[in-house]
Asker: 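Okay, here's the structure, questions in a sec.
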Amino acid sequence: MLQVLLSGLAIGAIYGLVGMGFAIGFYVTRVINFAEGQLLMVAVMVAAAIARAGVSPVIGIVGGIAAASLAGIVTYLVAIRPVLIFNRFSFAWLVSTLGVGLILENLAAIIWGSTSTSFPTLLNGTSVHIGNATLSLQELVTIGVAIAMATAFELVRKRTLLGKVGMAVALDPEMASAVGVNTTAVAVAAFALAGLFAGVAGVLIGPITYSNPYLGETYGIAGFVALMIGGTERPVAAMVGGLILGILGQAANTVINTQASDWFPFVVVVVILLLLPEGLFSIRGTALRGLLRGVRRPSESAS
């Protein structure tokens with residue numbers, strides 16, 4: 001049980017980072033960037049390519065994260081902002097961001113090939129024993145980094161001027177623009193940050209898996225499910241959603257079979273959409289509260 005929990009937290013931390021990338025972009029622009037998983041892939045491929053060129057893996061990791069962040073900015077400027085300018089209330093961004101994801105995948109396959117290659121690691125496969133469970137040092141670092149980044153983001157969002165400006169744009173972009181806030185700059189910063197979260201997720205999962213142009217699809221889906229579990233109102237909730245998904249996925253792998261995690265996220269998102277369409281941590285939580293209101297004690301009903 002402890003092994004399932006810890007392994008679930010490790011993979012769930014990756015889901016949560018990608019989910020927070022989704023959530024940050026949505027928080028500011030009300031647009032879901034369906035190329036978020038491919039930003040993770042960009043970080044993995046760039047970091048691996050730099051390391052294979054004989055450069056320090058540390059430089060490769062920094063370069064991969066920077067490339068993912070830059071790709072996030074380009075995605076906003078090319079595939080999202082023009083759509084919002086033309087019609088803010090359309091869903092054309094769904095198609096345009098999916099298109100960017102496909103373009104990034106195919107460009108990566110053309111540049112680096114479509115076969116999987118190893119990813120450099122800085123931690124040399126060291127393992128740590130916790131009770132009767134065993135985790136690699138890479139997995140422990142992944143959990144720690146993810147929680148630290150989620151905490152730091154929430155502190156910046158609530159306690160800094162930059163965070164308060166972002167909250168103002170999220171609540172009412174027209175009013176924020178009217179009082180002099182550069183909403184475009186805020187959106188660019190949000191998508192750069194979303195790319196950074198995906199990039200960090202990429203360089204953390206790369207040593208555990210591999211580098212491949214199609215890696216982003218799996219983690220993009222899981223990150224989106226993490227967003228659905230946590231809800232879209234607070235980006236940090238996506239991290240909690242990712243951790244929950246990771247634990248549930250590892251439990252499914254143990255109880256059902258080792259391939260359960262391939263389809264299990266779809267089961268989770270269907271259940272969430274049916275019972276809690278606004279997410280577990282929604283402020284409104286209409287579905288859950290409606291259910292709870294229907295279950296009253298006899299004394300309350302009589303009164």
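Side chains included, hydrogens not; waters and symmetry mates left out as well; all remaining heavy atoms used.
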Asker: Is there a path of hydrophobic side-chain contacts, each under 4.5 Å between heavy atoms, that joins Met167 and Leu162?
Answerer: no
Asker: How far apart are the closest heavy atoms of Thr115 and Asn212, and which atoms are they?
Answerer: C-ND2, 4.0 Å
Asker: Search all heavy atoms of Ala49 against all heavy atoms of Trp112 and return the closest pair with its distance.
Answerer: CB-NE1, 3.2 Å
Asker: Hey, what's the ring geometry for Phe34 with Trp93, parallel, tilted or perpendicular (30° and 60° as the breaks)?
Answerer: parallel
Asker: Sort out for me which residue in Leu39, Leu94, Val100 forms a side-chain contact (heavy atoms from CB on, under 4.5 Å) with Asn33.
Answerer: Leu39
Asker: Taking it one step at a time, do Leu6 and Leu2 satisfy side chain to side chain contact (heavy atoms under 4.5 Å, CB included)?
Answerer: CA-CA 6 Å; Leu6 294 177; Leu2 181 60; 4.0 Å; yes
Asker: To the nearest 0.5 Å, tell me how far Ile103 CD1 sits from Leu98 CG.
Answerer: 11.0 Å
Asker: Hey, are the side chains of Leu227 and Val225 touching, using non-hydrogen atoms and a 4.5 Å cut-off?
Answerer: no
Asker: Regarding Ser127 and Ser136, do their side chains bring together a donor and an acceptor under 3.5 Å, going by distance alone?
Answerer: no
Asker: Suppose we screen for side-chain hydrogen bond (donor to acceptor under 3.5 Å, both in side chains). Which residues come up paired with Thr151, at least two apart in sequence or across chains?
Answerer: none
Asker: Can you tell me how far the CG atom of Leu9 sits from the CD1 atom of Ile147, to the nearest 0.5 Å?
Answerer: 7.5 Å
Asker: Are Leu248 and Val270 linked, directly or through other ILVMFWY residues, by side chains that come within less than 4.5 angstrom of each other?
Answerer: yes
Asker: Count I, L, V, M, F, W, Y as connected when their side-chain heavy atoms are under 4.5 Å apart, and connections chain through other members. Are Leu77 and Val95 then in the same cluster?
Answerer: no
Asker: Is there side-chain contact between Glu105 and Glu217, with at least one heavy-atom pair below 4.5 Å?
Answerer: yes
Asker: Is the closest side-chain heavy-atom distance between Val62 and Val203 below 4.5 Å?
Answerer: no
Asker: Under the criterion side chain to side chain contact (heavy atoms under 4.5 Å, CB included), I'd like the reasoning laid out for Phe22 against Thr232: C-alpha separation, chi angles, the key distance, then a yes or no.
Answerer: CA-CA 9 Å; Phe22 276 111; Thr232 58; over 6 Å; no
Asker: Checking side chain to side chain contact (heavy atoms under 4.5 Å, CB included) for the pair Thr75/Ile73: CA distance, chi angles, key distance, verdict?
Answerer: CA-CA 5 Å; Thr75 300; Ile73 295 173; over 6 Å; no
Asker: First locate atom OH of Tyr76, then atom OG1 of Thr97, and finally report the distance between them rounded to the nearest 0.5 Å.
Answerer: 13.5 Å
Asker: I'd like to know if Tyr210 and Ile14 are part of one continuous hydrophobic network [Ile/Leu/Val/Met/Phe/Trp/Tyr, side-chain heavy atoms within less than 4.5 Å].
Answerer: yes
Asker: Which atoms form the tightest heavy-atom contact between Leu104 and Met41, and what is the distance?
Answerer: O-CE, 3.6 Å
Asker: To the nearest 0.5 Å, tell me how far Met149 CE sits from Leu17 CG.
Answerer: 5.5 Å
Asker: Would Thr117 and Arg52 count as having a side-chain donor-acceptor pair, cut-off 3.5 Å?
Answerer: yes
Asker: Let me confirm one number: the CD-OH distance from Glu36 to Tyr219, rounded to the nearest 0.5 Å.
Answerer: 15.0 Å
Asker: What's the shortest heavy-atom distance between Val28 and Ala190, and which atoms?
Answerer: CG2-CB, 3.7 Å
Asker: Is there side-chain contact between Pro235 and Phe153, with at least one heavy-atom pair below 4.5 Å?
Answerer: yes
Asker: How many angstroms lie between atom CG of Leu70 and atom CG of Leu196, to the nearest 0.5 angstrom?
Answerer: 12.0 Å
Asker: Between Met45 and Ile208, is there a shared hydrophobic cluster once you connect ILVMFWY residues whose side-chain heavy atoms come closer than 4.5 Å?
Answerer: no
Asker: Between Arg30 (side chain only) and Phe26 (backbone N and O only), is there a donor and an acceptor less than 3.5 Å apart?
Answerer: yes
Asker: Would you say Gln138's side chain and Leu204's backbone share a donor-acceptor pair under 3.5 angstrom?
Answerer: yes
Asker: Would you name the heavy atoms of Ala108 and Pro213 that are closest together and state the gap between them?
Answerer: CB-CB, 3.9 Å
Asker: Quick check: do Ile205 and Phe119 have side-chain heavy atoms less than 4.5 Å from each other?
Answerer: no
Asker: Would Ile24 and Phe191 count as a side chain to side chain contact (heavy atoms under 4.5 Å, CB included) if you check the C-alpha gap in whole Å, the side-chain angles of each, and the deciding distance to 0.1 Å?
Answerer: CA-CA 7 Å; Ile24 291 167; Phe191 278 87; over 6 Å; no
Asker: What do you reckon, is OH of Tyr214 surrounded by more than 12 foreign heavy atoms closer than 6.0 Å?
Answerer: yes
Asker: Under a 3.5 Å cutoff, is there a donor and acceptor pairing between the side chains of Tyr27 and Arg157?
Answerer: yes
Asker: Quick check: does any side chain N or O of Ser69 sit under 3.5 Å from a backbone N or O of Ala192, one acting as donor and the other as acceptor?
Answerer: yes
Asker: Does Gln3 have any side-chain hydrogen bond (donor to acceptor under 3.5 Å, both in side chains) partners at least two apart in sequence or in another chain, and if so, which?
Answerer: Ser7
Asker: If you compare all heavy atoms of Met20 against all heavy atoms of Ala150, which two are closest, and at what distance to 0.1 Å?
Answerer: SD-CB, 3.7 Å
Asker: Report yes if the side chains of Ile229 and Phe224 come closer than 4.5 Å at any heavy-atom pair, otherwise no.
Answerer: no
